[in-house]
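Note that the structure is a prediction, hence the values are computed from the model and not measured.
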Amino acid sequence: MQKTKKVESNSMWRDVWKRLRRNKAAMFGLALLCIIFAGALLAGVIGPEGYDYQVLRDRNMPPCWAHPFGTDHAGRDILVRILYGARISLLIGFSAVIVSVSVGTVIGASAAYYGEKVDNLLMRFIDVWMAIPSILLSIAIMAAFGSSIQNLVLAIAIGSIPGHARVVRSAVLSVKNQEYIEAAISNGASDFRIITRYILPNCMAPIIVQATMSVAKAILSASSLSFIGLGVTQPIPEWGAMLSVGRNAIRDYPWIITFPGLAIMTAIYGINLFGDGLRDALDPRLKH
């Protein structure tokens, strides 16, 4: 029985990959993400001196062969800082999504599985939570606890939990009354085993899509908070912080702010394209 389920699962994911490969926009988005990941991994090779290496005589140098993206006010290579910044932005984005998905899954699955009073209590709490704009909640958390990568991840994650909880609840409600769930209950399986072994594996499609799209939102939120001085602080080269530093020189040295902005745009664009394609590939209505 277990072997049959594993074969069916492998077959399903092969079908998903085949449909995803036929989506040119999704594959283009995946290619952009691969380039960003490769740049983040090779940052130490391209800039072995580090992201804060300064050559004062090269300050505010426009793009050239030696510095393809130019240099900033301190003579630091912008390309190197963007590549190191990719590590920070991706770390924040994925870490925040992992935290929010984990907590949201617990809340949403518990509400849907136990229903009635538990569902009503948790969902009313989520409703109040969602009434607070996520960016304002993040700003309040950062202002209270200070600027650091850990606090930034926590602030973004807390603002994203309600959305994930709603998605998980809807997905669990759609499968919890299936016959195989009733069979597991009749066989005396514990609630934890039923939720983790039988329910959640059959709800992964919407959870994966929601998580993928949330990475883009998390990166954008991190950049926004850093831009206003509540996120990652200098000299750490987070993309939003680079925009904040370069905004005063936008008229005289536009490359200082242009390339970090393009990095954010490329990452968000790639994730959104890939997320849209993944959603279509996981849509059961498109199987035939």
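- Cation-pi contact between Arg81 and Phe69: absent, since separation from the ring centre below 6.0 Å together with deviation from the ring axis within 45° is not met.
- No path of Ile, Leu, Val, Met, Phe, Trp and Tyr side chains, each step under 4.5 Å between heavy atoms, connects Tyr180 with Phe192, placing them in separate hydrophobic clusters.
- To the nearest 0.5 Å, the span separating OG on Ser147 from CD on Glu238 amounts to 11.5 Å.
- Side chain of Gln178 to main chain of Ile181: no donor-acceptor pair is present (N/O by atom type, distance under 3.5 Å, no hydrogens or angles).
- Note: the hydrophobic cluster containing Val215 also contains Ile149 (ILVMFWY, side chain heavy atoms under 4.5 Å, direct or indirect links).
- The two residues Leu56 and Ala74 come nearest to each other via the heavy atoms CD2-O, 3.8 Å.
- The shortest side-chain heavy-atom distance between Thr71 and Arg76 does not fall under the 4.5 Å cut-off.
- The shortest heavy-atom contact between Trp255 and Gly70 is CD1-CA, 4.0 Å.
- Within a 6.0 Å radius of OH in Tyr269, no more than 12 heavy atoms belonging to other residues, nucleotides or ligands are found.
- Between atom CZ of residue Arg193 and atom CG of residue Asn187 there is a gap of 10.0 Å, rounded to the nearest 0.5 Å.
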Under the criterion side chain to side chain contact (heavy atoms under 4.5 Å, CB included), I'd like the reasoning laid out for His73 against Tyr253: C-alpha separation, chi angles, the key distance, then a yes or no.
CA-CA 9 Å; His73 67 284; Tyr253 313 111; over 6 Å; no

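- For the atom pair Phe274 CZ and Leu20 CG, the distance stands at 5.5 Å (nearest 0.5 Å).
- Judged as a side-chain hydrogen bond (donor to acceptor under 3.5 Å, both in side chains), and not counting sequence neighbours, Ser160 has no contacts.
- Considering every non-hydrogen atom in both Ile236 and Ala241, the closest pair reads O-CB, 4.5 Å.
- How far CZ of Phe94 is from CD1 of Ile219: 6.5 Å, rounded to the nearest 0.5 Å.
- Between the Ser226 side chain and the Ser223 main chain, no donor and acceptor come within less than 3.5 Å of each other.
- How far CD1 of Ile156 is from CE of Met142: 8.0 Å, rounded to the nearest 0.5 Å.
- When side chains are defined from C-beta on, Ile78 counts as touching Met242, because their heavy atoms get closer than 4.5 Å.
- In this structure, a donor-acceptor pair under 3.5 Å is absent between the side chains of Arg19 and Asn23.
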For Ile88 and Trp239, run side chain to side chain contact (heavy atoms under 4.5 Å, CB included): C-alpha distance rounded to whole Å, both residues' side-chain angles, the deciding distance at 0.1 Å, then the answer.
CA-CA 8 Å; Ile88 304 300; Trp239 292 338; over 6 Å; no

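- Other residues, nucleotides and ligands contribute over 12 non-hydrogen atoms within 6.0 Å of the CZ atom of Arg124.
- Hydrophobic clustering (side-chain heavy atoms under 4.5 Å, transitive across Ile, Leu, Val, Met, Phe, Trp, Tyr) groups Ile208 together with Met27.
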Stepwise side chain to side chain contact (heavy atoms under 4.5 Å, CB included) check, Ile92 with Ser221
CA-CA 10 Å; Ile92 293 172; Ser221 296; over 6 Å; no

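- Expressed to the nearest 0.5 Å, how far CG of Asp72 lies from CG of Asp58 amounts to 11.0 Å.
- Residue Lys176 qualifies as enclosed at atom NZ: its count of foreign heavy atoms under 6.0 Å is above 12.
- Looking at every heavy atom in both residues, Gly275 comes nearest to Thr212 through CA-CG2, 3.9 Å.
- Leu173 and Ile195 end up in different hydrophobic clusters when Ile, Leu, Val, Met, Phe, Trp and Tyr side chains are linked at under 4.5 Å.
- Under a cut-off of 6.0 angstrom, the local environment of CD1 in Ile228 is crowded, with over 12 non-hydrogen atoms contributed by other residues, nucleotides or ligands.
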Steps toward side chain to side chain contact (heavy atoms under 4.5 Å, CB included) verdict (Val175, Cys203):
CA-CA 8 Å; Val175 303; Cys203 300; 3.6 Å; yes

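- With Ser100 contributing its side chain and Ala157 its backbone, the two residues share no donor-acceptor pair below 3.5 Å.
- Minimum heavy-atom separation, Val80 to Ile46: CG2-O, 4.4 Å.
- In the hydrophobic clustering of ILVMFWY residues, with side-chain heavy atoms under 4.5 Å counting as a link, Ile139 and Leu243 come out together.
- Nearest heavy atoms, His67 versus Asp77: ND1-OD2, 2.6 Å.
- Asn151 places a side-chain N or O within 3.5 Å of a backbone atom of Phe145 that can act as its donor or acceptor partner.
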